[in-house]
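Just so you know, these numbers come straight off a predicted model, no measurement behind them. Letters A, B, ... are given to chains in the order of the sequence lines, protein chains preceding strands, and every chain is numbered from 1.
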There are 2 protein chains.
Amino acid sequence: LLLGRVAVLGTGLIGGSIGLGLRAGGAADEVRGFDPDSGAARAAHARAAIDVVATELGEAVSGASFVVLCLPVDRIADACRELAAHVEVGTVVTDVGSAKVEVVAQGERWLGGRFVGGHPMAGSERHGIEGADGRLFEDAWWILTPTAQTQARAYARVAELAHALGAKPVAVAPEVHDALVARLSHVPQLAASALVDLALAAGDRQSLLGLAGPGFRDVTRIAASRPELWVAIIRANRAAVAEALKALGGRLDHVSDMIARGSWIELREFLARARAARLELFAKPGQAGDPITLSMLVPDRPGVLAEVTTAAGELGANIEDLRIVHSTEGGRGRVELVIAGKEAAELLVAALLGKGYHPERVGE
Amino acid sequence: LLLGRVAVLGTGLIGGSIGLGLRAGGAADEVRGFDPDSGAARAAHARAAIDVVATELGEAVSGASFVVLCLPVDRIADACRELAAHVEVGTVVTDVGSAKVEVVAQGERWLGGRFVGGHPMAGSERHGIEGADGRLFEDAWWILTPTAQTQARAYARVAELAHALGAKPVAVAPEVHDALVARLSHVPQLAASALVDLALAAGDRQSLLGLAGPGFRDVTRIAASRPELWVAIIRANRAAVAEALKALGGRLDHVSDMIARGSWIELREFLARARAARLELFAKPGQAGDPITLSMLVPDRPGVLAEVTTAAGELGANIEDLRIVHSTEGGRGRVELVIAGKEAAELLVAALLGKGYHPERVGE
């Protein structure tokens, strides 16, 4: 078959999802799984994510034509060194780590041009084989980070892996990848934690944090992520994260300076530029019209949301996004819906008015 | 009646909502409205938010026993100066501005102890009389900022206004208020814009921004707010914002330093402390159990959300929060639901499995 015998090293969320997807699509002759935690490998086998449980790394990769490293990002370099003694010359090796410069350097050091760095942009908030899903990568970007050393044949096979899982492979230099994820993911993560820390220092937790509104909740939502995961990610990408943190600090200094100088026009331009970019990010390519945001107060009880979403479904209006903002002590809440297209939004407003709601378009 | 004749100066979202709430509750003898934009006052009258349209500020407050300043925060000081020549000795004056130190200083300068600063924590993302709602303040905190000069009688009447609108008045010193909102609202707003700006500089917009995930979208959602509104808010609270920006910069420097030193244990502790605080913020007081987050893949088409929310409604499970994460090119998406209470969540999982979905609990 397409990929021959595949070894998946690390059978958690990502490795398990790759195994499930390959087995469902019939893209591999066999999926052999290994995990340093043997219980995790057995659980992956029980979920039918792998055909065979290997008890050692060497056993897993013996005879494999394709090796996918799904270990935590800080263990990939060691695994590459170990693999060098085991994999055959024609075997292609890739990884799914969230930082690439160091990983690719180590992969190429030990495995040469048959190592191709990769990073599927999916599923990172889930955890363990329990969260694995063979369709996790469908329609997702799968970043590949070839270098001058990369064998064309190896690149093509890794791209085939991504395609086999329904993902869209895209090639980016390792340095560009790391700078990108530092700015789009790692530094926002650190900033969210820093903003929570800043709020904590504002005074009495009990009363003060009760005043945090929906905006604060949005900005800091990801601060609830698992610290050990993020330490490993940031450690693996420390150079790019340090650079991006410095760049963020520079922007905040610039804003401070505008405020100190009373340069309100300049501040307004800064906010307007960010706003325009954020609204662009928000739009999905190929959607059925501009996003229209509707907002309304609703009673905070079971069944209300169903009434709203059923009305949308009956009209054929696809809800692009939905947000619930509760009052701090329950009783009532505000629902914000994003509908694609003005026409669909207007029909929905009429239907909701008929049901006694008072949706209003939120001006952007 | 309770509040006598009330003058509402500025008949937009907040002023209109106050008028609607007072008229619905019968808490005022008459609500007289004035807006520098006479069309806005007429629109408020057409929506029955005010009894009488005044064409001048003096006419609005003549004979009023209570004046509520709902003008943009940068116009409140001027309005206080103008009011001094018009309001009677016993008239109580309050405002709803989002920064308090300067406003209270100006209010007391021109009106003495009958001026009481206020800031209802509701509705700030809406705009204009179209968004006004007499129940906007129900269950919301209404911050009052009395000082040593404040007349006890005036404070009591402003608290009555908050109560009459269903809000919960809470007293905070003006300096504490400003530091709080700087940290819980104004600096998060600036940080969100700075993070978008940072991402923009990472390279080619088209391809790079397509890689922004749901975490980035959450963190930067509020960067889509209206710049002119935020310039006025930040300008009014510039001292506290400058201090909080400096404190945020200090935290980011501290994180940079941990990364440079390779102090991963310290970084983990920093993230863990923020995580614990964020999860605390997340819980609503008095809710029916711990929040359980469920996540599942769904087809990206009309009607799917209705099926999910109807299942929850039928079980009596209240959806505390709901998030839709689309794949970047449509087709499929991920829905995350937050349900209060383990038992309700388990029943819902069973019901959704029965409908062909595969919800899984997201480990926190």
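- In terms of modelled atom types and a separation under 3.5 Å, the side chain of B:Arg183 and the main chain of A:Leu198 share a donor-acceptor contact.
- Contacts with chain B were tallied for A:Val255, A:Thr310, A:Val219; A:Val219 has the most, counting heavy-atom pairs under 4.5 Å.
- Looking only at heavy-atom pairs under 4.5 Å with chain B, the residue among A:Leu305, A:Val304, A:Val308 that has the most is A:Leu305.
- Ranked by heavy-atom pairs under 4.5 Å with chain A, the first of B:Gly262, B:Ala223, B:Gly215 is B:Ala223.
- To the nearest 0.5 Å, atom CG of residue A:Asp257 and atom CZ of residue A:Arg251 are 14.5 Å apart.
- A donor-acceptor pair is defined here as one N or O able to donate and one able to accept, closer than 3.5 Å; no such pair exists between the side chain of A:Arg268 and the backbone of B:Val231.
- When atom types are taken as modelled, the side chain of A:Arg275 and the backbone of B:Ser193 share no donor-acceptor pair closer than 3.5 angstrom.
- Interface remark: B:Ser256 contributes backbone and side-chain atoms alike to the contact with chain A (heavy atom separation under 4.5 Å).
- The choice from B:Ala191, B:Gly250, B:Pro227 that makes the most heavy-atom pairs within less than 4.5 Å of chain A is B:Pro227.
- Between the A:Lys168 side chain and the A:Asp139 main chain, a donor and an acceptor come within less than 3.5 Å of each other.
- Interface residue B:Val241: only side-chain heavy atoms are found under 4.5 Å from chain A.
- There is no contact between B:Ile265 and chain A, counting heavy-atom distances below 4.5 Å.
- Interface summary for chain A: among B:Glu307, B:Gln189, B:Arg238, the most heavy-atom pairs under 4.5 angstrom belong to B:Arg238.
- One distance of note links CG of A:Leu245 with NE2 of A:His186; it measures 11.5 Å at 0.5 Å rounding.
- In this structure, OG in B:Ser185 is found 7.0 Å from CE in B:Met121, a value given to the nearest 0.5 Å.
- Chosen from A:Ala260, A:Ser225, A:Ala242, the residue pairing most often with chain B at heavy-atom distances under 4.5 Å is A:Ser225.
- Looking at B:Leu248, both its backbone and its side chain come within 4.5 Å of chain A, counting heavy atoms on both sides.
- The greatest number of non-hydrogen atom pairs below 4.5 Å with chain B, out of A:Ala239, A:Ala192, A:Ala274, A:Ala179, is found for A:Ala274.
- Note that OG of B:Ser295 is 4.5 Å distant from CD of B:Glu336, once rounded to the nearest 0.5 Å.
- Within the model, atoms CZ of B:Phe216 and CZ of A:Arg278 stand 7.5 Å from one another, a figure rounded to the nearest 0.5 Å.
- Looking at A:Leu267, both its backbone and its side chain come within 4.5 Å of chain B, counting heavy atoms on both sides.
- With respect to chain B, the highest number of heavy-atom pairs below 4.5 Å among A:Leu271, A:Leu195, A:Asp197 belongs to A:Asp197.
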